[in-house]
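Order of the sequence lines sets the chain letters (A, B, ...), proteins ahead of strands, with each chain counted from 1.
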Amino acid sequence: MSNLSVKVRFAPSPTGELHIGGVRTALFNWLFAKNQGGKFYLRIEDTDAERSKEKYIDQILESLEWLGLHWDQPLFYQSQRLDDYKSRSKDLLNTGRVYRCFCTKDDLQSARDAGHYIYPGTCRNLTDDAIKVRLNQGQNFTFRFRVLEGETIYKDLIYGQIHVDHKELDDFIVVRSDGSPTYNYVNVIDDHDMGITHVIRGEDHVSNTPKQILIYKALGYDEPTFAHLPMILGHDKKRLSKRHGAPGVQNFRDEGYLPESLINYLALLGWNPGTEEEILSPNELIEKFDLAQVQKKGAVWDEKKLHWVSGQHVMNKSTGFLLDAIREIHPDWGKGSDISFLISILELLKVRAKSLTEFIRQSEYFFYAPKEYDRAGLKKWWKNESVNERITAFLEHMDKVPNWRKEDLETSFKSFAESIEMGLGKIIMPVRMAVCGSPNGPSIFDILELLGRDTTIGRIETALEKLPN
RNA sequence: GGCCCGUUCGUCUAGUGGUCAGGACGCCGCCCUCUCAAGGCAGUAACACGGGUUCGACUCCCGUACGGGCUACCA
């Protein structure tokens, strides 16, 4: 099944940090390459000198690395290839596939304002003499691609056959008046030179594809196979973009999502494995990935489902792994505590925390006495002075716990509850409030065992002083 | 404006002429239970609309509506 000749690329422009839409494109390229046993390249499209920033390059690479979307070498930089475009432009000029256009931006804009969306062909058939005159006058010019009559048809792996009448394509610019190549042109040359076999990119490029195919043909290159991915949408069904609420990858890392959670969720956004499985590891995704199963319509980004996916992955992780992962985003977590203590905490919180940051938040009372007590919890479990009486009595009872282990603690709680003929919860919950400050969390016996006798007693005494007020 | 693409529960999706239209997230209820989770069970909820084609359409065709994309000397 493996096809060693498959080569794909992800080509971000470093004008901002990598966001979720970009990751999705990268991911599908990567999954396809890995599934096919091919290569996954990265090409930094940094020819927009104005907006491209070194720091974004670093950020993009870092994000991809964090996600585990490792790329094959070499790493391509478009800016380093500028010379390669020039000679080919000359060839195209010589063969007449491209011609000089002396129209100015203003001319074109006013034509467009007047409702003429398509380039009128003003310079299409200039005579050699006319060209010479303008050249001598020092007029600036662009290179326009001469679109001939006909139709371009291509087969998109996701959308199927798409055909466009050349009447819809005007003679588009291929080289700007400053000599720099435009996107559609550069892309073709880069992809060809890199030996790209499958161009997998966002649906926003569907309309560009016929133009690019024309360039491939003019240059005498074989065209690659195209596959266009549907967009990721916001809740308003509008395409997610940097300016329209697309979160950067860094956010997810900071929020404590595991890379494989993000990858899992993103893979399911617009694709499905053909089974009803939802939780898949990167390797499983690679194994099952198939462009034929990719959706045509855009998918709305749903953070709630990501959160659920994340919780599922967290549950499957070993506590050792989780400890390392937490310390990566929060090096001080549990500092000064025994590793075994930390591991025990993680064990207890594993089914409860859905992200790394939730471990940090939910574990606070294992390290510090509560600074304040949850209001709703108090209202329900520490209503009045009668609770103080009950808990004070229980405190004495606790002195008799032989070994401070959860089994003995449980026995002790139960016998006390029986002795005063009250439900277990009437003891447990106030104690929980006193010790943790919150009504939620793992079994109280587990918590108390970990915290130890002195800490437990101390916190209960403090609570008795402060509460119920 | 023109062209291209799309349209199944609120969301992600399965479905390829005959299904009680399935699953997942969310929400709701119950069970479990010291709480919160996790887990189990049940529930809520969808084929955009109108015409065809057909014995029979979510599935095929044509329109309409709605949404998205492109239409730059951006990428």
A/Tyr265 and A/His313 aromatic centres sub-6.0 Å: no

P spacing across the pair B/rU7 / B/rA48, given as an integer number of angstrom: 9 Å

Distance between C1' atoms of B/rC28 and B/rG15 (Å, rounded): 27 Å

Touch class at under 4.0 angstrom, heavy-atom based, for A/Val164 against every strand present: nothing

Polar pair under 3.5 Å, donor/acceptor by atom type, side chain A/Ser177, base B/rC73: yes

Validation row, ring centre A/Tyr216 to ring centre A/His192 under 6.0 Å: no

Sugar-phosphate, base or nothing in reach of A/Leu268, heavy atoms under 4.0 Å: sugar-phosphate

Atom-pair distance (OH on A/Tyr265; C1' on B/rA24), nearest Å: 12 Å

Integer-rounded Å distance: B/rU35 C1' and A/Ile428 CD1: 9 Å

Sugar-phosphate, base or nothing in reach of A/Lys297, heavy atoms under 4.0 Å: sugar-phosphate

Donor-acceptor pair under 3.5 Å, A/Ser207 side chain vs B/rC3 base: no

Interatomic distance where NZ belongs to A/Lys305 and C1' belongs to B/rG10 [whole Å]: 13 Å

Aromatic plane relationship, A/His397 with A/Phe416 - under 30° parallel, 30 to 60° tilted, over 60° perpendicular: tilted

Face-on cation placement of A/Arg375 at A/Tyr373 ring, 6.0 Å and 45° thresholds: no

Parallel, tilted or perpendicular: ring planes of A/Phe367 versus A/Trp333, cut at 30 and 60 degrees: perpendicular

Whole-Å distance separating the CZ atom of A/Phe416 from the P atom of B/rC34: 17 Å

Nearest-angstrom distance, C1' atom, B/rC47 to B/rC20: 15 Å

Sugar-phosphate only, base, or nothing, as touched by A/Gly311 at under 4.0 Å among non-hydrogen atoms: nothing

Touch class at under 4.0 angstrom, heavy-atom based, for A/Glu45 against every strand present: sugar-phosphate

A/Glu407 atom CD: more than 12 heavy-atom contacts under 6.0 Å: yes

Ring-base stacking, A/Tyr117 with B/rG1 (5.5 Å, 30° cut-offs): yes

Taking every non-hydrogen atom, the tightest pair across A/Tyr257 and A/Glu303: OH-OE2, 3.9 Å

Residues touching RNA chain B, which here means a heavy atom under 4.0 Å, drawn from residues 137-160 of chain A: A/Thr142, A/Tyr159

Give me, pair by pair, the N or O atoms of the protein and of nucleotides 65-68 of chain B that are less than 3.5 Å apart, along with how far apart they are.
residue	atom	partner	partner atom	Å
B/rG68	OP1	A/Lys238	NZ	2.5

Shortest side-chain distance from A/Asp204, nucleotide among B/rU35, B/rG69, B/rA38: B/rG69

Touch class at under 4.0 angstrom, heavy-atom based, for A/Cys103 against every strand present: base

Proximity to the side chain of A/Trp308 - top-ranked nucleotide from B/rU11, B/rA14, B/rG26: B/rG26

Separation of the P atoms in B/rG52 and B/rU11, to the nearest angstrom: 30 Å

Whole-Å C1' distance, B/rU59 and B/rG22: 16 Å

Rounded P spacing from B/rC61 to B/rU54 in Å: 16 Å

Sugar-phosphate, base or nothing in reach of A/Ile173, heavy atoms under 4.0 Å: base

Watson-Crick/G-U partner (both atom distances under 3.5 Å) of B/rC70: B/rG2

Taking N or O atoms only and anything under 3.5 Å, show me the protein contacts with nucleotides 19-22 of chain B, one pair per line.
none

Residues in contact with RNA chain B, drawn from residues 349-371 of chain A - heavy-atom cutoff 4.0 Å: A/Val351, A/Arg352, A/Lys354

Counterpart base for B/rU7, defined by Watson-Crick or G-U wobble contacts under 3.5 Å: B/rA65

Aromatic ring proximity A/Phe252/A/Trp301, centre distance under 6.0 Å: yes

A/Arg81 to A/Phe76 six-membered ring, cation-pi geometry met (6.0 Å, 45°): no

Among B/rU35, B/rA75, B/rG39, the one nearest A/Met315 by side-chain distance: B/rG39

Rounded distance in Å - CH2 (A/Trp381) to C1' (B/rU33): 11 Å

is_close_aromatic(A/Phe143, A/Phe141), centroid dist under 6.0 Å: yes

Interatomic distance where CZ belongs to A/Arg432 and P belongs to B/rU33 [whole Å]: 15 Å

Spacing between A/Gln312 atom CD and B/rA24 atom P, to the nearest angstrom: 12 Å

Residues in salt bridge (charged side-chain N to carboxylate O under 4.0 Å, His left out) contact with A/Glu358, at least two apart in sequence or another chain: none

Touch class at under 4.0 angstrom, heavy-atom based, for A/Asn208 against every strand present: base

Pairing residues for A/Phe10 by the ring-ring contact (aromatic ring centres under 6.0 Å, His included) criterion, not counting sequence neighbours: none

Minimum-distance nucleotide to A/Val300 side chain [options: B/rC12, B/rA75, B/rC34]: B/rC12

Touch class at under 4.0 angstrom, heavy-atom based, for A/His307 against every strand present: nothing

Atom P, compared across B/rA14 and B/rC41: separation rounded to whole Å: 24 Å

Nucleotide nearest A/Gln295 (side chain, heavy atoms from C-beta), chosen from B/rU13, B/rG2, B/rU35: B/rU13

Within 6.0 Å of CD in A/Gln137, more than 12 heavy atoms from elsewhere: yes

Sugar-phosphate only, base, or nothing, as touched by A/Pro442 at under 4.0 Å among non-hydrogen atoms: base

Euclidean distance, atom NZ of residue A/Lys380 to atom P of B/rC34 [Å, nearest integer]: 13 Å

Candidates B/rC12, B/rU71, B/rC73 - which lies nearest the side chain of A/Leu108: B/rC73

Minimum-distance nucleotide (side-chain atoms of A/Leu424 versus B/rC34, B/rU71, B/rA75): B/rC34

Closest contact, heavy atoms only, A/His228 versus A/Ile158: O-CD1, 3.3 Å

Sugar-phosphate only, base, or nothing, as touched by A/Thr275 at under 4.0 Å among non-hydrogen atoms: nothing

A/Phe413/A/Phe394 aromatic ring centres below 6.0 Å: yes

From B/rU35, B/rG26, B/rC5, nucleotide with atom closest to A/Ile162 side chain: B/rC5

Residue matched to B/rC60 through Watson-Crick or wobble contacts both under 3.5 angstrom: B/rG52

Pairwise P distance for B/rC58 and B/rG40, with rounding to whole Å: 34 Å

